[in-house]
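Note sheet for the following structure.
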Number of protein chains: 2
Amino acid sequence: MKSNATAQAVAELAKVSQSAVSRSFTPGASVSEDTRARVLSAAKALGYRPNALARSLITRRSHIIALVMGYLENQFYPLVIQELSQKLQRQGYHVLMFITEAGEPTDGVLAEILQYQVDAVVMASAMLSPGLARQCADTGVPVVMFNRVPQMSSFAGSSTSSVTSDNRRGGRMVAELLLARGYRRIAFLGGLENSSTHRERERGFNEALAEAGTAAVGRALGHYDFERAREATRELFSGADKPDALFVANDHMAIAAMDVLRQELQLRVPQDVGVVGFDDVPQAAWGAYQLTTVVQSVEQMVDATVDVLHEQMRDGSQPRNVVIPCRIVERATVRSA
Amino acid sequence: MKSNATAQAVAELAKVSQSAVSRSFTPGASVSEDTRARVLSAAKALGYRPNALARSLITRRSHIIALVMGYLENQFYPLVIQELSQKLQRQGYHVLMFITEAGEPTDGVLAEILQYQVDAVVMASAMLSPGLARQCADTGVPVVMFNRVPQMSSFAGSSTSSVTSDNRRGGRMVAELLLARGYRRIAFLGGLENSSTHRERERGFNEALAEAGTAAVGRALGHYDFERAREATRELFSGADKPDALFVANDHMAIAAMDVLRQELQLRVPQDVGVVGFDDVPQAAWGAYQLTTVVQSVEQMVDATVDVLHEQMRDGSQPRNVVIPCRIVERATVRSA
DNA sequence: CTGAAAGCGCTTACAG
DNA sequence: CTGAAAGCGCTTACAG
């Protein structure tokens, strides 16, 4: 049944050595046109394809990249899977998916990742503890954080790179836009306290507010979860001095917030309250939401990630932290000038 | 740098043979408690983990499952990735992602899949041509189609299983619901002509309509694409005799249709036109859409897939075609009784 | 350009 | 229970 032809079988049929078969499938190896042709035709006859596992054992490169993710509800991440796998595939690499259960990979999944001899790991929508990062570094497998940044101090000496957009700048831009459009009681609906995107976005936002001589009138956490973002919105609007605008740390939660605003609180967007998100997922453009948001280009971020990956895999050079510029796309959730 | 300890190194440290090391990491192998303990502690000291690639070479089981997908825009598929990887991980298997560029895997990607010696392949949101299916069968790797069914005739003799919901029954239920609620000019907004979900859903829908002595008043194709679904909606409403209800082949397109209905055509849902989708993706429940739809349980489908996978990997038994029941969840896009 | 040989890191009969 | 040995399917010096 399993008709897995081996290089040996091909060699016999083609009447050459097994080494010749191997060379015929190795780009740049020295084989004459003639033998390569004979080998290739024998291989085709037998349905032979080199065993990638055996090859990896020798070459010490599996051409497998581990992609670790915590949750895919936020459409941003599926897009990352798609872009990253496609780009990597075109270059002969493949993605081994790891979905963490609790948001943070355990020693267990890390061990498995390492057992599969992956050439590198990219962490997206999941955090790597300093201990695990160290373990990767010790094994020599480069890790790049996608859309998050390691806690600096504890990662000294590890080979953890990162690719993020300019979250701080994005946060600033949101505050400036909202202020310019006359909103005065602006609240922040964040994600998770220990998330670097959350922190940087809030920081830039608060800085710009402070420079304008004001401050946020409210703050609540949605934990990057749809339902909890709804609750956070109710919380923000439960007091006496209600916000007239919301900066939400990502689109996924911004949409949840809009649902509550319009349907439970009977508030009009953008007249009664302005809303700005972050990411620009496809849903942000849907007719019923038309969310004004900060654009993070998945494509640019993935391109940068792949560059860093190659660089790190090639020469294990110093870790890099790439920051991609972002911009606001105005749709219909902030009133016009 | 790469401190990849080998079994040999552990053996030396623990003063046992390399076989003993191997046995200590093989569940059920015969090793005394004493040597196993010595091995484990030596392994820990060296940071040793068995090389999964080398193991696979011998055991002929990689514990890798290939997951082939065409596009992830429709949120249904990310959920499948998540459920499937998690479930498989818990059982010691891992998912190697393959994203096809054109919707159909080429010989190229199939060859790569096979080179990695995957234990099985699941095809979701991508079709396998009969030729490729045959190739998998020849190699003895089981394939299961997820949410789609192979074209019967040409797959005779191949080991292609499938897991789908009862799409035909789902289509019937939609027609019956719409009719019961007084809609009389019902149109169908389909996906792709050669997609089995599209065909079965339309078939059940048409059958129920026919039994009620009526027929669809319109039909257009959205190609499972958001923008093209918008166009299809415009097309459906461009004639004189406009539909008063739409059965859309999936939620992703149903949402696109609702945007056009409400914002371009100024039609009210469900008063002027009823809308029913299929899948019950999370977005269907969003406040702005509240789509009445047919529920496909990702969890049940994934459970069934994993069962079939194990069955096929174990004894290469006859291919199976599992059909999961579905049901309608009523929200706000069909008027009430 | 070519083949024989060593070896990648393991598992698994085979004897003891 | 244990070790020596063969072997999984390849790549890659090494000679020729």
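Chain identifiers are assigned alphabetically (A, B, ...) following the order of the sequence lines, protein sequences preceding nucleic acid strands; residue numbering begins at 1 within each chain.
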Seminar exercise, completed: For A:E112, the salt bridge (Lys or Arg N to Asp or Glu O under 4.0 Å) test, sequence neighbours excluded, returns none
Exercise. Between B:N147 and B:T164, is any side-chain donor less than 3.5 angstrom from a side-chain acceptor?
Worked result: no
Exercise. Counting only non-hydrogen atoms, which of residues 16-24 of chain A are less than 4.0 Å from DNA chain D?
Worked result: A:Q18, A:S19, A:S22, A:R23
Exercise. Looking for any heavy atom pair under 4.0 Å, which part of the strands does A:R61 touch: base, sugar-phosphate only, or nothing?
Worked result: nothing
Problem set entry | Reported CG-to-OG distance for the pair B:L53 and A:S56, which is rounded to 0.5 angstrom | 5.0 Å
Problem set entry | A:Y93-A:S85 side chain donor-acceptor pair, cut-off 3.5 Å | no
Exercise. Aromatic rings A:Y116 and B:H94: how do their planes relate, parallel, tilted or perpendicular, breaks at 30° and 60°?
Worked result: perpendicular
Exercise. Checking all strands, does B:F25 fall into the base, sugar-phosphate, or nothing category for heavy-atom contacts under 4.0 angstrom?
Worked result: nothing
Problem set entry | Any donor-acceptor N or O pair under 3.5 Å, side chains B:S22, B:S19 | no
Exercise. For DNA chain D, which nucleotides open and close the run of contacts to chain B, 5' to 3', at under 4.0 angstrom from a non-hydrogen atom?
Worked result: D:dC1 to D:dG9
Exercise. Between the side chains of A:S195 and A:Y224, is a donor N or O closer than 3.5 angstrom to an acceptor N or O?
Worked result: yes
Problem set entry | Main-chain N/O of A:Q117 paired with A:S62 side-chain donor or acceptor, under 3.5 Å | yes
Exercise. With a 3.5 Å cut-off and no angle check, do the side chains of A:Q91 and A:H310 form a donor-acceptor pair?
Worked result: yes
For this session: Rounded to the nearest 0.5 Å, what's the gap from CZ on A:F146 to CG on A:L84? Could you check?
Result: 7.5 Å
Seminar exercise, completed: Its dot-bracket string being built from Watson-Crick and G-U pairs below 3.5 Å, with | for another strand and [ ] for crossing, DNA chain D has the pattern |||.||||||||.|||
Problem set entry | Contacts of B:L57 that satisfy side-chain contact (heavy atoms from CB on, under 4.5 Å) - sequence neighbours left out | A:N51, A:A54, A:L57
Seminar exercise, completed: Residues B:A5 and B:L46: closest non-hydrogen pair is CB-O, 3.7 Å
Problem set entry | Contact residues, residues 32-39 of chain A to DNA chain D [heavy atom, < 4.0 Å] | none
For this session: Taking the side chain as every heavy atom from C-beta outward, state whether A:I81 and A:Y77 have any pair of such atoms under 4.5 Å apart.
Result: no
